[in-house]
Amino acid sequence: MTKFTDLNLNPKVLKAIQEAGYESPTPIQAGAIPPALEGKDVLGIAQTGTGKTASFTLPMITMLARGRARARMPRSLVLCPTRELAAQVAENFDTYTKHLKLTKALLIGGVSFGEQDKLIDKGVDVLIATPGRLIDHFERGKLILSDVKIMVIDEADRMLDMGFIPDIERIFQMTPFTRQTLFFSATMAPEIERITNTFLSNPTRVEVARQATTGENIEQGVLMLTASRKDREATEKRNVLRALIDAEGDKCTNAIIFCNRKMDVDTVAKSLKKHGYDAAPIHGDLDQSQRTKTLEGFRNGDLRFLVASDVAARGLDVPSVSHVYNFDVPSHAEDYVHRIGRTGRAGRDGKAIMICVPRDEKNLADVERLVQREIPRIENPLGNKAPAKSATDDAGKSDKPAVQDATQDDATKTEKPKRTRSRSRKKPEAAKVETETVTADSPEADTAPEVKAEQQPEPKAVKSDEKRQDDKPQHDKQQNRRGGRGNNRNENRNQNNRNDNKVVGLGEHTPEFIGLSFAERRD
DNA sequence: AAAAAAG
């Protein structure tokens, strides 16, 4: 078993790691840190939750420990898709630089330039940024990237989804070609493949399996709900949500409630608040100070219910979330994995409960196909019929005169017309592997470097520098699903879509596929 | 169909 002490990290970094209570690296860390320290480019294929963040921060800090930054010329650069993730990476740096004097700046949108400018002017070793704001600084001439020695792209596939790839290419071109690049993506969509072929030089490829979706410690359930009337669906969903929360009682210490739409995030948050639940919304239309404050409150336990869009689905690390409620079935099955991965972190128990209305059944089927198991159906705590007359006093009751706030918790709220155009959007569920793989099913927090030794699969870095060319030719069959940019390639679907070895056991806590390597899963 | 990010 590899230990951090075997990895040639700076002693002061090791000290900080120890103080944080970590001893053994996760597979992605064990695989990526050595080549990164040798100065090689790294292509890391890993999800959040695998300890990815530390797999680049630790070697970066070690390498930056010598030398000092000059004014306006940062020595390294980390790009993240969302502000929250960038902030989290920044925190990670703080944790592991505590015995060193490295400087950093967090360049994200939604906050004023002043502070960021000041830091840049003083000179920073590490720049952590979202693409838009970084380019903004660059264009204002505030930033010179010609001294960047190490550049990290985090969550590249999400950048792709969000249309950031052109920005990323631009940023690549703003940095010297001699830089070292550490590039992370959960999948290798064709467009991602293209970028890595263009901007990475002979990278060491390190691949770990998809995050344990339904880790044995996450109990899942789905409530099938058919509204009494179409126009009451939203209201009844909220009633049921509260009932589901109540049914958990004290076991639900805190929870994230995911909705598919920002508007619903607001509505649900308001509704919960109105009914006396300690809830607050977070999504991309709220201003950054609000987002930060809300998240902070949730992290430190002041806030019990975080109602969120998918801005919070990935990567966010709140160590102890007891429950995840999916108010809607996510329309991208993959997001289900990310969402429920917010609970059951670091080996804790977690529970993930979802509400599914008829319209979402197709999405549910996609989710179940992805996680290769049937999600146990749960009873409606309000009883299956007459949801309208059930025990709660939700404002939907017609004898209540008024609901004056915007939650419209009554029948006046009508669903906007739904189009159910079903795009065929089957997504291969497992990243394709052409080399050996390592399964990383540890429930570790993404920002945490550790994993207790016993739950660690044997780390095996895969160096594919040599293997890549002569491997199987079906290289870019990976399908990119979303409408990001430049993915008008619809050609070949990955053949991964069948799930013959589905685990259907309802009491089953560990779906078998988690223990399988990608290669095995393919069969 | 929606979410995220630069305003």
Side-chain angles (χ1 to χ4, degrees), chain A residues 48 78-89 106-114 116-117 128-143 153-171 174 186 234 256-268 281-292 295 306-316 326-339 342 357 359-363 366 415-425 427 480-485 487:
Chain A
T48 60
V78 181
L79 289 170
C80 303
T82 69
R83 299 167 185 175
E84 278 76 9
L85 283 174
Q88 220 168 256
V89 169
L106 177 63
L107 305 189
I108 58 175
V111 296
S112 69
F113 283 90
Q116 298 177 357
D117 282 343
I128 303 145
T130 46
R133 182 54 69 97
L134 180 85
I135 289 175
D136 210 334
H137 277 284
F138 185 81
E139 285 176 343
R140 289 162 61 244
K142 283 293 190 180
L143 199 53
I153 309 294
D154 197 10
E155 309 245 337
D157 52 341
R158 199 167 176 208
M159 303 249 198
L160 174 68
D161 292 343
M162 292 165 66
F164 279 159
I165 291 300
D167 289 343
I168 297 300
E169 293 188 72
R170 255 190 88 194
I171 295 167
M174 287 155 33
I256 304 180
I257 297 153
F258 284 105
C259 305
N260 287 0
R261 284 175 291 268
K262 290 182 275 200
M263 200 195 71
D264 289 328
V265 168
D266 287 330
T267 311
V268 170
I282 188 167
H283 60 67
D285 282 354
L286 299 172
D287 70 51
Q288 189 57 37
S289 62
Q290 188 69 34
R291 281 163 65 169
T292 307
L295 193 57
L306 180 69
V307 189
S309 69
D310 280 319
V311 70
R314 300 201 198 191
L316 278 198
N326 278 304
F327 186 76
D328 301 303
V329 180
S331 47
H332 289 287
E334 185 138 306
D335 290 332
Y336 179 77
V337 176
H338 292 295
R339 288 179 178 186
R342 298 312 99 202
V357 295
R359 170 170 24 95
D360 290 336
E361 278 168 21
K362 185 178 173 306
N363 289 334
D366 288 347
E415 298 279 305
K416 51 179 178 185
K418 294 285 186 319
R419 269 178 290 145
T420 31
R421 191 175 20 143
S422 69
R423 258 190 257 158
S424 82
R425 167 194 56 63
K427 219 239 148 208
N480 170 42
R481 69 215 185 269
R482 300 192 200 188
R485 298 236 205 128
N487 62 332

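Residue numbering restarts at 1 for every chain, and letters A, B, ... go by the order of the sequence lines. All values derive from a computational prediction rather than experimental measurement.
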Task: R291(A) vs dA5(B): side-chain N/O to OP1/OP2 distance below 4.0 Å - done: yes
Task: dA6(B) OP1/OP2 closer than 4.0 Å to side-chain N/O of T130(A) - done: yes
Task: I153(A) CD1 - dA5(B) P separation (whole Å) - done: 17 Å
Task: Side-chain donor-acceptor pair present, H283(A), D266(A), cut-off under 3.5 Å - done: yes
Open item on the list: Could you work out, with side-chain contact (heavy atoms from CB on, under 4.5 Å) as the rule, every residue matching E361(A), not counting sequence neighbours?
Closed with: M224(A), C356(A), P358(A)
TODO: Provide, to the nearest angstrom, the distance between the CZ atom belonging to R83(A) and the P atom belonging to dA3(B).
DONE: 15 Å
- [ ] Would you mind telling me which of dA4(B), dA2(B), dG7(B) lies closest to the side-chain atoms of F113(A)?
- [x] dG7(B)
Open item on the list: Could you tell me how far apart I168(A) (CD1) and dA4(B) (C1') are, to the nearest whole angstrom?
Closed with: 13 Å
Task: Short side-chain N/O contact to dA3(B) OP1/OP2 from R158(A), under 4.0 Å - done: no
- [ ] Return the value, rounded to whole Å, for the distance between atom CD of E155(A) and atom P of dA4(B).
- [x] 15 Å
Task: Note, R359(A) side chain near V329(A) side chain (heavy atom, < 4.5 Å) - done: no
TODO: Check side-chain contact (heavy atoms from CB on, under 4.5 Å) between A156(A) and all other residues, then give those that pass, not counting sequence neighbours.
DONE: I153(A), F183(A), S185(A), I192(A)
Task: Separation of dA6(B) P from D287(A) CG (nearest whole Å) - done: 14 Å
Open item on the list: By nearest atom, which of the nucleotides dA4(B), dA2(B), dG7(B) is closest to the R133(A) side chain?
Closed with: dG7(B)
Open item on the list: Just the rounded figure in Å: distance from C1' of dA6(B) to CZ of F164(A).
Closed with: 9 Å
TODO: Mind calculating the distance between CD1 (I282(A)) and P (dA2(B)) to the nearest angstrom?
DONE: 21 Å
Task: I108(A) CD1 to dA6(B) C1', straight-line distance once rounded to whole Å - done: 13 Å
